[in-house]
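The following block contains the structure, expressed as structure tokens.
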Amino acid sequence: MPPETLFERITDFAARADPYPLYAELRDSGVARQADGSYLVGTYHEISALLHDPRVSSDPRSRAEPHEDPAATGLPPSFIGLDDPGHDRLRRMVMRPFGPPHSPHRIDELRGEIQRVAGELADALVAKDRFDLVDDFAFPLPVTVICRLLGVPEGDVPQMHTWADAVVAGLDFAPGEDPSPRQRAAREARQAMGLYLGELAEQRRRAPTGDMLSALVHEPGPDGALTRQELMVSAVLLLIAGHETTVNLITNGMLTLLRHPHEYDRLRDHPEEMPAAVEELLRYEPPVQLLPQRSPLADIEVAGVTVPRGAPLILVLAAGNRDPLRFPDPDRFDPRRPDNQHLGFGSGVHACFGAPLARVETHLALTTLLRRLGDLRLVEDSPEYRRSPVLRGPRHLHLEQHRR
Amino acid sequence: MHVVVDLNRCQGYAQCVFLAPRVFALHGEEALTYTPAVPRDQEERVREAVVACPVQAILAGERAGP
Ligand code: HEM
Ligand code: SF4
């Protein structure tokens with residue numbers, strides 16, 4: 001059966017390479033009720049207001065028809081799926097060993113290590129005539145970095161890699177295919193990862209090693225200590241939330257720059273302009289295209305439409321990022337765009353926890369690639385995409401290299 | 001380089017503190033403080049903070065100020 005409603009057309013795999021015309025249609029149609037009772041929002045100001053509205057819940061249990069959570073593990077929910085005050089308490093406790101005010105230097109001190117890992121991965125590409133940017137660079141970098149941050153020993157990184165892979169595969173979906181085996185594998189990987197990290201934290205409790213897990217168990221703040229289960233789900237959340245998102249930002253970044261060769265050359269010669277280019281990439285090709293998890297706690301009015309309590313409320317960040325009412329000439333990739341208050345990291349109380357790490361990582365990854373590699377050509381445009389309409393990005397990005 | 005933060009715009013997202021912790025600091029959960037005269041070895045980090053600030057509250061220049 002051909003896809004019918006706008007949401008079905010957006011999630012249809014055929015739209016993955018270029019969903020932007022559908023997003024324009026969504027903005028024009030206002031707050032759009034779908035046949036399945038969900039509501040889609042694609043305009044910047046409405047999305048931004050909803051992300052700051054305390055009547056909008058992130059908790060799957062606020063849905064009128066709670067669906068079985070395919071990621072259910074028997075563990076308590078992580079803070080991305082909780083509302084305040086429970087969300088705020090956990091986020092603050094996990095922030096304590098990660099960032100200001102308590103640990104302002106943690107990410108800055110990781111720069112050297114990120115640069116080293118990115119440099120080593122790039123070294124291995126320099127002599128190749130052809131490679132896959134995803135498998136050979138973008139995929140290994142974020143897992144390695146987050147393992148270093150948490151304090152996972154070097155020898156266990158490949159295992160984390162395998163688990164992260166399984167979890168990501170479970171998030172993906174292919175129409176017409178039974179997703180349950182993949183989802184079961186993902187659930188098992190999540191559990192195994194949680195058990196592993198809980199065990200590692202116990203070891204760090206006995207013998208701290210200066211990493212984030214050690215600080216998490218050793219320096220409880222005014223809110224007290226996390227329970228073992230809270231610690232497990234929070235550590236798994238950091239690994240999962242920061243993994244495929246960063247892979248996609250790096251990959252979308254290279255794809256976009258190769259499609260804009262003039263900007264590619266300019267950024268290679270002016271690496272100091274890369275941080276602003278990363279912000280533009282987060283607007284122009286955001287790794288998280290939409291937030292599917294919200295629902296209102298009361299009947300609320302959005303742009304003249306009443307969205308009933310408990311209805312699925314889907315916020316299409318990538319559509320808001322190209323709203324002409326907010327961004328002049330929104331379909332143009334402009335790395336020097338002023339006033340770039342994009343929605344790539346969300347906004348409000350759930351705004352991306354790991355944004356500073358993702359920024360530093362992507363900035364260093366892209367400047368390293370541009371500096372080190374020769375002249376590159378896309379082997380195929382468009383590349384093959386992953387299935388997911390939520391975490392959108394190429395599955396492979398095959399590149400041909402001519403040495404300079 | 002000099003910086004000025006428009007503290008009326010600043011929302012306390014602390015992106016600047018993560019990226020340039022020797023120039024920006026957060027006291028308690030909310031109050032941002034900063035060193036207006038940026039040491040030379042921190043200038044690159046401050047440029048990163050300027051573009052990362054979600055509300056574009058940081059003004060940097062050779063002579064910042066009104
Ligand atoms: C380019 C990379 C990334 C992108 C595009 C991204 C995007 C996002 C977005 C849009 C949200 C909001 C979700 C919502 O409102 O429901 C979010 C939340 C979150 N992100 Fe990221 N993220 C990235 C990297 C990371 C990294 C590296 C980490 C971990 C270190 C991370 C950890 C989190 C966490 C824990 C949350 C939940 C925050 C909360 O609920 O309070 N993210 N991210
Ligand atoms: S990043 Fe911007 S909003 Fe956040 S604390 Fe710094 S100046 Fe304020």
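Labels below follow one simple rule: chain letters A, B, ... track the order of the sequence lines, proteins then strands, and each chain is numbered from 1. None of these values were measured; they are calculated from a predicted model.
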Within a reach of under 6.0 Å around CD of B:Glu44, are more than 12 heavy atoms found that belong to other residues, nucleotides or ligands?
->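 Result for CD/B:Glu44: open.
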Report the distance from atom CD of A:Glu279 to atom CD of B:Gln56, rounding to the nearest 0.5 Å.
->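 Separation between the atoms: 8.5 Å.
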Do you know the tightest heavy-atom contact between B:Pro21 and A:His105?
->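 That closest heavy-atom pairing would be CG-ND1, 3.5 Å.
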First locate atom CD of B:Glu48, then atom CE of A:Met274, and finally report the distance between them rounded to the nearest 0.5 Å.
->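 Answer for the CD-CE pair, B:Glu48 versus A:Met274, is 11.5 Å.
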Can you name the closest pair of heavy atoms from B:Phe18 and A:Gly99 and give their distance?
->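 Looks like CE2-CA, 3.5 Å.
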Check each atom of A:His363 against the heavy atoms of chain B and say whether the ones under 4.5 Å are side chain, backbone, both or neither.
->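 Interface part for A:His363: side chain.
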Pairing of A:Asp108 and B:Arg22 as salt bridge, 4.0 angstrom limit =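 Salt bridge absent between A:Asp108 and B:Arg22.
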Under 4.5 Å from any heavy atom of chain A - which part of B:Val55 |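 Both the backbone and the side chain of B:Val55 come within 4.5 Å of chain A.
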Heavy atoms only: give me the nearest B:Gln15-A:Ala355 pair and the separation to one decimal.
->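 Smallest interatomic distance, heavy atoms only, reads OE1-CB, 3.9 Å.
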Chain B: which of A:Ala276, A:Pro275, A:Pro338, A:Pro100 shares the most heavy-atom pairs with it under 4.5 Å?
->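 Most heavy-atom pairs under 4.5 Å with chain B: A:Pro100.
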Where on A:Arg111 is there a heavy atom nearer than 4.5 Å to chain B: the side chain, the backbone, both, or neither?
->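 Just its side chain gets close to chain B.
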Chain B contact via A:Phe98 - side chain, backbone, both or neither, heavy atoms under 4.5 Å =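 Its backbone and side chain both get close to chain B.
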